[in-house]
Structures are given as C-alpha cells and as structure tokens.
Undergrad: 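Quick one: the structure is below, questions incoming.
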Number of protein chains: 2
Amino acid sequence: MEVSHKKKSHHHGDLREALVAAGIELLNEGGLSALTLRKCAGRAGVSHAAPAHHFDGLNGLLTAIAARGFHIFSRSMIDERKKSGSEPKAMLAAICQGYLQFAQDNAALYNLMFTSENLGFDDEELARRSVAAYQILAEGCAPFASRTEDGEKIEIMIWSLVHGFAGLSHKARASNGEHPASKVVFDDILSILELKAE
Amino acid sequence: MEVSHKKKSHHHGDLREALVAAGIELLNEGGLSALTLRKCAGRAGVSHAAPAHHFDGLNGLLTAIAARGFHIFSRSMIDERKKSGSEPKAMLAAICQGYLQFAQDNAALYNLMFTSENLGFDDEELARRSVAAYQILAEGCAPFASRTEDGEKIEIMIWSLVHGFAGLSHKARASNGEHPASKVVFDDILSILELKAE
DNA sequence: AGTGTTACCTTGACATCGTCAAGTTAAATT
DNA sequence: AATTTAACTTGACGATGTCAAGGTAACACT
C-alpha cells in the first residue's frame, strides 16, 4: 500500500497529476467556468467518474489545483528574485514583479487561489504551499521593518498593495483599457512609499 | 411601452428588482455557488424561465446584481464619510472604513463585483455605478496629491491597498484566524504611509 | 502457481442547472 | 370589442456533480 500520493499503478500512469494539469489548462483557456470535473477527466483520457477516486469531489480538485498554483506562484517570485541584485529594494521590487507576472499570466488560477469559497481550508498541502508563498514576500519585506514598527504591518501593507494591484489589473485588462490602473506600473507605487532599509 | 426599467405591470409587481434582491440574499446566505437563476425565480415566486424576460441569461442577472452592489458599496463609503470630520486624513480613513465594512458584510457580492469573469463589461448601468464608486475614493485621495506626483498614482495606490486588504481579510476570516492579516487593522497601515495633505 | 484481495476505473442513473421553443394569460392599444 | 403585445408558464434538452454498483488488472499470500 502506498502513502496515497504518487500513484503510479496500472491503468493510468499518474491520474491525479494529469487531472490537476488538465484543470490548470482549462482554467487558462476558458476561465473558472470552463473548469469541469468531466472535462478534466476527458482530457486525462478517463471516464467522468474517475476523479472521484483521487479527490473529494470538485472542491477537492479545486483545492489540489490551488495548491499546485501556489507552488508555481512561489517559483515565479523566486525566479525574479534571483535575477535581481542583493539590494533590499531591488529584491522586493523583483519579488513583486514575479507576483504580478504570475497573477497576469494565470489570472483565473490566481482568482481561484485567492477568492474561491470552496477550497478545503484544512488541506495540508494547500496550507503548506500558501504559507511558503507568503514567506517569500515576508522575507522581501523584512529589511524594511524598523524596530519601532511592527514588521508584520509592513508585510500586510506590501501584500495588500500587490494583491490589490493584481486584482485591479485584471479588471483593467477585462475592461478595454479604460480602467485607471492600466496606465500605472507598480514600481511607481512602490517608490511613493519611500521605504528605507533598516 | 416603457423604457425597460421599472416594470410595474401585471403578474408580478417588479420582478426585475425582486430577482436582484433575491440574488443578493442568496449570495449572502450561501456564496456564489448558491446563486442560481432558478432559485432566484423561486424566491420571487415565478417560474424558472421567467428571469430570461428581464435579463440576458445568468450573466445578465449577475451584471445587474453587481451594478446594484456598486450602488450599495458607494452608499457605504458615503455614509462613513459623513460621520467623519472634514479633515482630509480622517475623511480618507472613513471612506476606507466604509469600503472595508461593505467588503466584510457582503463578501460574496464583493467578489462577484471585482473578480467575476462573466459580467457584461459593456453594461451601461454597471459601468456608471462602478465609476461612481471609484470617484468617491478618488475624491478622498485628492487632497494628498501633491503637484509633483501624479494624483492618479496616489489613487491607484490607495485603491490597491484597500482592495488588497479586503481580499486578504476575506481569506483571514475563511481560514480560522491563523491568517496574518487578521491581527492588523487598516488604520495602522494607513498611518505607515504618512500621507500629507497638499 | 493459484487464489483471494484490493486499488483503480467504468457504466449507469439521478437531481439540478442554464437555455430554448412554444404556449398561455393578462394588460394595453386601437 | 378585437387585436396586439408584454409577462409569465410549461416542457424539453444537453451538461454537470455525485452516487451506487460492477468490472478488471495488479498485487499479496499461501
């Protein structure tokens, strides 16, 4: 008996992973309304009821997809951070760049991760991956937390800022560019903050 | 023939309004997944296909609900602003308070308004109401736009901040209080900005 | 090697959903 | 009063999530 993850047994090679991948594909192609248990099953080449043996219904699949989303999300932030120098301000800007890049390239997945009502809060993998993503942003904020101010407040402020900007940018792209947020780039906003390290 | 709004004719008094109200009720009670054309029709006391004569399918109803949402949203910000003094900083804080109060009391409706893919972008009422809501926030930001900095950037920054904070607060309430954003209040974040009028 | 067990998947059914076509009833118009 | 039109109903269709029951291939064990 296996530990429940990574089933590589018979009929299908790794159905669980194939279903998650198919779900992300559908999300990118047609948004949340295009993501369907039956269509995921179809793309994976199995019958419509097969997913039930790997996930607790649709919400279970959504939870697994969100968990995978947070993994990709973290990678996007880390990749950008690696490309920046070691200067605190540049690093934070790079992390935010990775944040916004992911949100832009995976809009439907991002919304699923952050605004879905039906995710399993208690899922271990989802909790771990989302906390890990937050850690990256928090590390980027750490140099700017002076001893008088609570570092947590800085984190929440930056997180709110980038999260909010991502959401508004989505709407800016949906509307036909009439949206106020479309003309402004995030770096300008960060510079207004006049953050100072230490 | 009427102008399409405010049908007070026969069988039902004002079905259009009743359907929107029922939709908001369902949204508050069970989230987006509980919002159904057929259930709205049922609550309004009409048959399942009646809504089709007032809205362009489900997306049309969602659009009307979102438009009504922006109206309530604007009222919430205006109400709080009235309760504050005339000092610029207090006014902006009050507007944000009304913003966050609405987002908290109507979480599902708020998410529908800001993250739904299926709203009619081109709907006249929705566009008008959402622009009106943005105006309120923009007016609150105006005193802080120095001539050297583009006022629009300040608006986007504040909007991103409060929008992002609202979204994170939703997740903080969904998770069981373990979320970082739950311990911090928005006023603390606003004070970090050290905004100065003029 | 043969047998039983179990994990993996299929088939079929059901209720619910959005949508469409056609019909019905009541109001408005002429 | 007759006709037109607006408001709603009825019935049907395909798609969806979920459940129950069955089948099949891999594995375990004697």
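Quantities reported herein were computed from a predicted structural model and do not represent experimental measurements. Naming convention: chains lettered A, B, ... in sequence-line order (proteins, then strands); numbering from 1 in each chain.
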Undergrad: Determine, stepwise, if the pair Arg81(B) / Met77(B) fulfils side-chain contact (heavy atoms from CB on, under 4.5 Å).
TA: CA-CA 6 Å; Arg81(B) 187 180 57 184; Met77(B) 289 189 283; over 6 Å; no
Undergrad: Might you confirm whether atom CG of Asp56(B) has over 12 heavy atoms from other residues, nucleotides or ligands at distances under 6.0 Å?
TA: no
Undergrad: Check step by step if side-chain hydrogen bond (donor to acceptor under 3.5 Å, both in side chains) holds for Tyr134(A) and Glu155(A).
TA: CA-CA 9 Å; Tyr134(A) 177 72; Glu155(A) 295 172 12; 2.5 Å; yes
Undergrad: If the helix axis at each end comes from five base pairs, how far does the helix from dA1(C)-dT30(D) to dT30(C)-dA1(D) deviate from straight, to 10°?
TA: 0°
Undergrad: Please confirm whether the shortest side-chain N or O distance from His54(A) to OP1 or OP2 of dC9(C) is below 4.0 Å.
TA: yes
Undergrad: Figure out the CZ/C1' separation between Arg16(A) and dA7(C), and round it to whole Å.
TA: 16 Å
Undergrad: Determine the sole option in His170(B), His163(B), Gln104(B) for which the side chain to side chain donor-acceptor pair (under 3.5 Å) test with Tyr110(B) is passed.
TA: His163(B)
Undergrad: Checking Gln135(A) now: which residues fulfil side-chain hydrogen bond (donor to acceptor under 3.5 Å, both in side chains) with it, not counting sequence neighbours?
TA: none
Undergrad: Parallel, tilted or perpendicular: which describes the rings of Phe114(A) and Phe73(A), with under 30° parallel and over 60° perpendicular?
TA: perpendicular
Undergrad: Looking at every heavy atom in both Leu161(B) and Ile189(B), which two are closest together, and how far apart are they?
TA: CD2-CG2, 3.9 Å
Undergrad: After noting the C-alpha distance and the side-chain angles of Tyr99(B) and Phe186(B), does the key distance pass the ring-ring contact (aromatic ring centres under 6.0 Å, His included) rule?
TA: CA-CA 11 Å; Tyr99(B) 191 115; Phe186(B) 190 74; 8.6 Å; no
Undergrad: Starting from C1' on dC8(D), measure out to CG on Asp14(B) and report it in whole angstrom.
TA: 15 Å
Undergrad: Summarise how protein sits on nucleotides 11-20 of chain D as a single string, 5' to 3': B when a protein heavy atom is under 4.0 Å from the base, S for sugar-phosphate-only contact, - for no contact.
TA: BB---BBBB-
